[in-house]
Protein chains: 2
Amino acid sequence: MGKALNWREVNSCCDALSEDEETLTREIVTRVADKWTLWTMSMLAESEGPMRFSRVMEKVEGISQKSLTKTLRQLERDGLVTRVVFAEVPPRVEYSITAIGMEMLEQVYPLWQWTANSVGRFQQARANYDRRALD
Amino acid sequence: MGKALNWREVNSCCDALSEDEETLTREIVTRVADKWTLWTMSMLAESEGPMRFSRVMEKVEGISQKSLTKTLRQLERDGLVTRVVFAEVPPRVEYSITAIGMEMLEQVYPLWQWTANSVGRFQQARANYDRRALD
DNA sequence: CAGTATCCAGATCGATACTG
DNA sequence: CAGTATCGATCTGGATACTG
């Protein structure tokens, strides 16, 4: 059944958390699967410096203004990006990824890598499943 | 800005994927954030042997029959769990985690670990943000 | 026992229009 | 430029009732 993984060990690290903390942990992990969050973070991560709202919007193709605003506000609230407003006309707002944001990307990277590398196996599994459904 | 991470490298592993493959990859990663999927997998992972539907339902506290069925069917389709039906009365159906399912849990584990360990920093970030909002 | 079928409430997200 | 406000389509998930 594959390499042994002591799942109790995994749970034990979470058992130490209060209910609030567990909720927050789940919330953060959930962001990983959000349609836009990781993409937005990665655009900020690969940028040389801060990015304006409109540039992020260009880079994250297909995102609506509303969704980008929401995504960036969540990231800011959780300390994963910074938002700096300049008192100019027209307004300028600059976004940057934070150290903890980079850390988080590093954690997520292996999962994406593994999943992308395993995509053939998943396709195969689905093909088998769907074929069997024709019984 | 934290330890350097070459995010282009991350993207490069995905650029090699077709659109279909990328969609599937995203779909699988999305499961990680699903309310019940990881919990269900971990219950099967820590079980000594196969589990019946009703036992899984007991272990995954709070899940509805409908959601458990859906979760298990998705997992089965993607080859992450197996489902064996016994032709008995009353019916017996046994679920087990697969090797690839265990592999996936191993990938997800570091992310949860890191997030749980970082929960204090996230709480702090939110407290700062919410306080600042009282300007 | 292990589901399926149906209904319904809440969240999500895009499109569109408007604003300091 | 960088948003906010509003509407409507879609998705999700729980509760409930029913079945081979």
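Each chain gets a letter, A, B and so on, in the order its sequence line appears, and its residues count up from 1. Scope of the values below: all heavy atoms of this structure, side chains included, with no hydrogens, waters or symmetry mates.
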Is there a side-chain contact between [X] and [Y] in this structure, where contact means two heavy atoms from C-beta onward sitting under 4.5 Å apart?
X: A:Q123; Y: B:L24; result: yes
X: A:F122; Y: B:T25; result: no
X: B:V32; Y: B:M104; result: yes

Taking only side-chain nitrogens and oxygens of [X], does any of them come within less than 4.0 Å of OP1 or OP2 of [N]?
X: A:Y95; N: D:dG3; value: yes
X: B:R83; N: C:dG3; value: yes
X: A:W36; N: C:dG14; value: yes
X: A:R52; N: D:dG3; value: no
X: B:K35; N: D:dG13; value: no
X: B:S64; N: D:dA15; value: no

Is B:V85 linked to B:L72 within one hydrophobic cluster, defined over Ile, Leu, Val, Met, Phe, Trp and Tyr using a side-chain heavy-atom separation of less than 4.5 Å? yes
Whole Å only: how far is the [atom1] atom of [X] from the [atom2] atom of [N]?
X: B:E94; N: C:dG3; atom1: CD; atom2: P; answer: 12 Å
X: B:I63; N: C:dA2; atom1: CD1; atom2: P; answer: 14 Å
X: A:Q74; N: C:dT12; atom1: CD; atom2: C1'; answer: 11 Å
X: A:R73; N: D:dA5; atom1: CZ; atom2: P; answer: 11 Å
X: A:D34; N: D:dT12; atom1: CG; atom2: C1'; answer: 15 Å
X: A:L68; N: C:dG14; atom1: CG; atom2: P; answer: 11 Å
X: B:E88; N: C:dG3; atom1: CD; atom2: P; answer: 13 Å
X: B:R55; N: C:dA2; atom1: CZ; atom2: P; answer: 11 Å

Give the nucleotide from the list [options] with an atom nearest to the side chain of [X].
X: A:K66; options: D:dG13, C:dA2, C:dG14; value: C:dG14
X: B:Q65; options: C:dC1, C:dT4, D:dG13; value: C:dT4
X: B:K70; options: D:dT12, C:dG20, C:dA2; value: D:dT12
X: A:T69; options: C:dT4, D:dG3, C:dA2; value: D:dG3
X: A:S67; options: C:dC13, D:dG14, D:dA2; value: C:dC13

Quick one: look up who D:dT6 pairs with, Watson-Crick or G-U, both distances under 3.5 Å, and put none if it's unpaired. C:dA15
Does C:dG20 pair with anything, Watson-Crick or G-U wobble, both distances under 3.5 Å, and if so, with which nucleotide? D:dC1
Using a strict threshold of under 4.0 Å (side-chain N to carboxylate O), is an ion pair present between B:R132 and A:E76? no
Pair B:R31 + B:E27: basic N to acidic O under 4.0 Å: yes
